[in-house]
Amino acid sequence: MVKDANGVTLAWLYCHDDTQRYSFGVSKLSSDEARRIGKAIARIPEFMMPRQGFYPRGGGPRWREDRPYHVALEDRYIREHWDEINALCRLNSLPLNATGEVIENDGVWRVYEFTWQMDAILFWERFEGRWLRGTEFHYPERPENLPSLKPLENWPNSIRAICDNRRVSNAMIKRRTLLFMLFLLFSGEALSDDLVGQATVVDGDTLQIHGARIRLWGIDAPESSQLCRGEDSSQYRCGGKAATELDAFIARRPVNCSPVSFDPYGRTVATCSVGGNDLGEWLVRKGLALDWPQYSKGRYGGAQREAEHAGRGIWKGSYVEPWLYRGCIRASGKPADCSDDANAHP
């Protein structure tokens, strides 16, 4: 079933595992064919709407021919509204692709890219963005009859509660962080020199060296209890797979970790490498973890785009972002329900 941005059914497509026949005389459609045809049908309303003044960005060092529409968001706004931005984009199927490019113009702005003009317009309007034309900000008028984004209230209660819970938990985290930093101050401890040694893999983004827990900086891997769906739509333990493959890659070689900070739970947050390979980048490039822009500021964005385009790891099927999965679990959701959200990536 293909729906437009307002939830109106536009068409039904039948693929090879359906007993019915496609009405145009084709007896079978592959899942990929059905997906591509469905996406094309879903874009029909976009081409019926006037959008004067919304021009593609054009050239630039990070410009992609297949993603010509660029929107900039102010860095402080992103930090303050990240949960809402991420959740609403997922709910409305807006591809949140950060270019990693920074523009300094009365503040610090970070650039996001889109294939479809309407996706970029909805993103621009909802999140206080600036339209880019060439290398300068552009201020087109808001189109008439612009569709409204589906509100978070349309999500299941367990998912919708994430943003509310995060506001409460943020205050708790800040308190824990303050207490922990006071502990460090009075105990005379500080960020130590590099940690080097044989590592035990705790999960897909956590190691242990000499008894110290180390959280890999800038990435987020699926949780141990989390499930993803593969290319054939069957479920598998993507969190367990990330940990297993990380352990195999390290292969008992010495791991070198450079501390960056401490997290609110007392763990060292660090960039770690084996044989000169950044483990965070390796995990993201293999499709075993996600770049976490809230902390990485897009450092691993390029590796993630490569994994997505190549269809590696979790990009072969569907998944729920680990940070949303944890929020769902904290809101008393069940692992199976939190793992298999209907709004996961196609």
Side-chain angles (χ1 to χ4, degrees), residues 5 46 49-143 146-147 149 163 166 170 217-220 260-261 269 271 278 280-281 284-285 289-309 321 323 345:
E46 175 177 12
M49 181 174 295
R51 305 177 303 280
Q52 289 83 2
F54 288 87
Y55 302 101
R57 178 177 180 184
R62 296 182 183 271
W63 179 70
R64 291 167 48 96
E65 186 174 357
D66 61 336
R67 293 178 182 172
Y69 299 102
H70 287 199
V71 177
L73 295 191
E74 209 275 327
D75 183 68
R76 183 171 57 182
Y77 178 87
I78 297 172
R79 293 171 183 268
E80 293 175 354
H81 299 86
W82 174 254
D83 290 322
E84 179 186 7
I85 294 170
N86 189 46
L88 276 171
C89 283
R90 291 186 64 250
L91 176 61
N92 289 274
S93 299
L94 293 180
L96 189 59
N97 299 309
T99 66
E101 186 170 357
V102 174
I103 295 177
E104 295 187 6
N105 184 339
D106 293 328
V108 178
W109 301 77
R110 300 185 183 275
V111 181
Y112 294 84
E113 60 185 4
F114 299 87
T115 296
W116 299 101
Q117 191 182 66
M118 186 52 62
D119 286 343
I121 291 174
L122 292 173
F123 184 86
W124 159 85
E125 195 230 7
R126 177 60 180 81
F127 300 116
E128 302 182 8
R130 297 292 182 270
W131 196 267
L132 286 177
R133 186 179 181 187
T135 57
E136 302 295 331
F137 291 156
H138 183 52
Y139 301 91
E141 294 184 3
R142 183 185 185 277
L146 191 64
L149 295 181
C163 292
R166 186 64 59 87
N170 278 346
W217 173 87
I219 69 165
D220 204 4
V260 175
S261 64
V269 179
T271 58
D278 183 330
E281 182 177 1
V284 173
R285 196 176 300 279
L290 295 175
D291 176 44
W292 203 350
Q294 182 178 0
Y295 301 102
S296 73
K297 304 301 178 290
R299 173 170 171 175
Y300 301 124
Q304 179 162 302
R305 286 191 289 272
E306 179 184 320
E308 179 181 4
H309 295 160
E321 283 87 346
W323 51 86
H345 294 272

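- In this structure, Tyr295 OH and Arg79 CZ are separated by 10.5 Å, a value rounded to the nearest 0.5 Å.
- Within the 3.5 Å criterion, the main-chain N or O of Ala98 finds a donor-acceptor partner in the side chain of Arg305.
- Here OH of Tyr300 is found 10.5 Å from CZ of Arg285. Values are rounded to the nearest 0.5 Å.
- Here Glu308 contributes atom CD and Leu290 contributes atom CG; the two are 10.0 Å apart, rounded to the nearest 0.5 Å.
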Using side-chain contact (heavy atoms from CB on, under 4.5 Å), reason through Glu101 and Glu113 one step at a time and then give a plain yes or no. CA-CA 10 Å; Glu101 186 170 357; Glu113 60 185 4; over 6 Å; no
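- Distance CD1/Ile103 to NE2/His70: 10.0 Å, rounded to 0.5 Å.
- Side-chain contact between Val102 and Lys297 is absent, with no heavy-atom pair separated by less than 4.5 Å.
- You'll find the side chain of Tyr112 stays beyond 4.5 Å of the side chain of Leu94, heavy atoms only.
- Rounding to the nearest 0.5 Å gives a distance of 10.5 Å between CH2 of Trp82 and CH2 of Trp292.
- For the pair Glu321 (side chain) and Trp323 (backbone), a donor-acceptor distance under 3.5 Å is absent.
- Taking CD of Glu80 as the start and CG of Asp75 as the end, the distance is 10.0 Å to the nearest 0.5 Å.
- Side chains of Tyr139 and Arg130 form a contact here, defined as non-hydrogen atoms less than 4.5 Å apart.
- Taking each heavy atom of Ala289 and Ile219 in turn, the nearest pair found is CB-CD1, 4.1 Å.
- Arg110 is not listed as a side-chain neighbour of Thr99, based on a closest heavy-atom distance of 4.5 Å or more.
- At a threshold of 4.5 Å between non-hydrogen side-chain atoms, the residues Pro140 and Tyr55 do not count as touching.
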Derivation of the side-chain contact (heavy atoms from CB on, under 4.5 Å) call for Phe123 and Leu96: CA-CA 9 Å; Phe123 184 86; Leu96 189 59; 3.4 Å; yes
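- A distance-only check finds no donor-acceptor pair linking the side chain of Ser296 to the backbone of Asp291 [under 3.5 Å].
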Take Leu73 and His81 through the side-chain contact (heavy atoms from CB on, under 4.5 Å) test and state the conclusion after the steps. CA-CA 11 Å; Leu73 295 191; His81 299 86; over 6 Å; no
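- Remark: side-chain polar atoms of His138 are paired, donor with acceptor, to backbone N or O of Gly53 under 3.5 angstrom.
- Here the closest non-hydrogen pair linking Phe137 and Leu132 is CD2-CD2, 3.4 Å.
- Among all heavy-atom pairs drawn from Trp217 and Arg299, the shortest one is CZ3-CD, 3.4 Å.
- Contact detail for Pro95 and Phe114: the closest heavy-atom pair is O-CE2, 3.3 Å.
- Under the 3.5 Å distance criterion, the side-chain polar atoms of Asn92 are matched with a main-chain donor or acceptor of Leu88.
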Show the numbers, then the answer: is there a side-chain contact (heavy atoms from CB on, under 4.5 Å) between Ile121 and Tyr69? CA-CA 9 Å; Ile121 291 174; Tyr69 299 102; over 6 Å; no
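- With a 4.5 Å cut-off on side-chain heavy atoms, Trp109 and Glu74 count as touching.
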